[in-house]
J.: 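After the structure tokens below, expect a handful of questions from me.
Because the structure is a prediction, the values reported are computed rather than measured.
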Amino acid sequence: MWTGQQVVEERGAVAGAVASPLSALLPGGGIRPGTAVGAGGDLPLLLALAALAAADSVAWAAVGVPELGGLAAAQAGLDLATGLVVSDPGPRAAQVLAVLLESVPVVLVGASVRVPERAVRRLRAVMRRSGAVLLAAGRWPGADVQFRVAPVGWAGVGRGHGLLRGRRVTVTAGGRGAAAAPRSAELWLPGPDGLVGRVERGTAEAVRSGARADLRVVG
């Protein structure tokens with residue numbers, strides 16, 4: 001799929017990071033095997049969830065996610081050497097997903113992929129049997145956990161100038177069973193380091209100040 005030593009090196013720089021702040025929003029602190037999770041149409045969140053789910057299993061696949069770039073995936077913590085990309089599954093998307101969910105521990109599904117309801121039930125049975133995790137870019141019928149992302153703002157931009165340093169969002173998770181009670185957190189997604197992080201008191205102000213300090217009046 002993707003090639004290039006620079007991308008591989010960038011991924012290596014984030015490997016071994018601490019537990020994701022998203023863990024606090026998930027039942028049991030993680031994504032349970034055999035379940036489906038919806039990322040609310042937010043690509044950075046989708047990648048962060050994929051990195052969390054693939055931390056132990058490593059292997060992953062993406063189906064119908066044309067906006068997925070190698071550099072973004074590597075910066076999120078995904079191992080490009082163990083990823084498989086199906087850009088367009090065509091009219092047999094359900095069959096493609098069934099095959100992947102039987103053999104790949106983590107499968108990302110794009111918002112444009114359409115699967116009939118009866119096929120969704122069959123895929124759920126496949127996931128329970130194999131223990132695979134399905135991460136949907138948008139909403140997924142019967143998802144065990146469904147995320148919503150509300151933008152708060154970008155840090156690093158002043159009055160029409162500056163450098164984007166991080167995106168602040170409010171992330172809410174709800175769903176079925178243990179996830180029925182909604183949980184919310186304000187996060188950097190991505191943060192100044194390119195990773196997901198919890199917004200701490202004073203952090204946003206420090207990022208803004210750091211961005212302004214790079215600007216000088218000349219002339």
Side-chain angles (χ1 to χ4, degrees), residues 1-15 20 22 31 33-127 129-149 167 189-190 194-196:
M1 41 182 300
W2 300 290
T3 59
Q5 186 63 28
Q6 179 181 3
V7 172
V8 174
E9 289 175 352
E10 294 224 14
R11 187 265 164 189
V14 300
S20 170
L22 292 171
I31 301 174
T35 60
V37 177
D42 191 83
L43 182 60
L45 176 58
L46 178 67
L47 292 178
L49 290 169
L52 177 63
D56 296 325
S57 60
V58 180
W60 58 279
V63 179
V65 193
E67 64 273 26
L68 177 62
L71 181 58
Q75 288 178 330
L78 289 172
D79 188 343
L80 302 187
T82 62
L84 171 67
V85 172
V86 180
S87 300
D88 183 6
R92 300 178 65 84
Q95 290 89 331
V96 171
L97 289 173
V99 171
L100 289 174
L101 289 169
E102 286 279 13
S103 54
V104 182
V106 181
V107 178
L108 286 65
V109 183
S112 63
V113 176
R114 296 289 181 264
V115 177
E117 184 177 348
R118 63 182 181 280
V120 171
R121 292 195 295 269
R122 288 198 296 268
L123 292 176
R124 189 178 300 124
V126 172
M127 292 162 57
R129 181 170 64 249
S130 67
V133 168
L134 184 148
L135 303 175
R139 297 192 64 84
W140 184 262
D144 298 87
V145 181
Q146 182 65 55
F147 281 90
R148 298 193 310 275
V149 178
R167 185 183 66 143
L189 192 64
L195 302 175
V196 58

J.: Quick one: closest heavy-atom pair of Val115 and Ala119, and the distance?
T.: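 Shortest heavy-atom contact: CG1-CB, 3.4 Å.
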
J.: Give a yes or no on this: more than 12 heavy atoms of other residues, nucleotides or ligands lie within 6.0 Å of atom CD of Glu67.
T.: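 More than 12 heavy atoms, drawn from other residues, nucleotides or ligands, come within 6.0 Å of this atom.
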
J.: Donor-acceptor pair, distance only, cut-off 3.5 Å: does the side chain of Thr35 make one with the backbone of Ile31?
T.: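 Checked: no pair found.
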
J.: Measure the spacing between CD of Gln95 and CG of Leu100 and express it to the nearest 0.5 Å.
T.: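 So the gap between those two atoms works out to 12.0 Å.
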
J.: What's the shortest heavy-atom distance between Leu68 and Leu47, and which atoms?
T.: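 The answer is CD1-CD2, 3.2 Å.
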
J.: Run the side chain to side chain contact (heavy atoms under 4.5 Å, CB included) test on Asp144 and Met127 for me, step by step, so that the C-alpha distance in whole Å, both residues' side-chain angles and the decisive distance to 0.1 Å come before the verdict.
T.: CA-CA 12 Å; Asp144 298 87; Met127 292 162 57; 5.5 Å; no

J.: For the CZ atom of Arg122 and the CG atom of Leu97, what is their distance to the nearest 0.5 Å?
T.: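 Arg122 CZ to Leu97 CG: 11.5 Å, rounded to 0.5 Å.
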
J.: So do the side chains of Phe147 and Leu49 get within less than 4.5 Å of each other, counting heavy atoms only?
T.: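 Sidechains of Leu49 and Phe147: in contact.
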
J.: Which one of Val37, Val120, Leu135 satisfies the side-chain contact (heavy atoms from CB on, under 4.5 Å) criterion with Trp140?
T.: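 Among Val37, Val120, Leu135, the one meeting side-chain contact (heavy atoms from CB on, under 4.5 Å) with Trp140 is Val120.
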
J.: Can you see which heavy atom on Ala61 is nearest to which on Val104, and at what distance?
T.: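 Of all heavy-atom pairs spanning Ala61 and Val104, the closest is N-CG1, 3.8 Å.
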
J.: What are the two closest heavy atoms between Val133 and Leu101, and how far apart are they?
T.: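 Result for this residue pair: O-CD2, 4.2 Å.
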
J.: List the atom of Gly138, the atom of Ala111, and the distance in Å for their closest heavy-atom pair.
T.: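 Nearest heavy atoms, Gly138 then Ala111: N-CB, 4.3 Å.
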
J.: If every non-hydrogen atom of Val113 is compared with every non-hydrogen atom of Gly64, which pair is closest and at what distance?
T.: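 Nearest heavy atoms, Val113 then Gly64: CG2-CA, 4.0 Å.
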
J.: With side chain to side chain contact (heavy atoms under 4.5 Å, CB included) as the test, would you mind laying out the steps for Val106 and Leu78 before giving the verdict?
T.: CA-CA 11 Å; Val106 181; Leu78 289 172; over 6 Å; no

J.: State, yes or no, whether a side-chain contact exists between Leu22 and Leu45 at a heavy-atom distance under 4.5 Å.
T.: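 Leu22 vs Leu45: side chains touch.
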
J.: Are the side chain of Ser20 and the backbone N or O of Leu52 linked by a donor-acceptor pair below 3.5 Å?
T.: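 A pair under 3.5 Å: no.
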
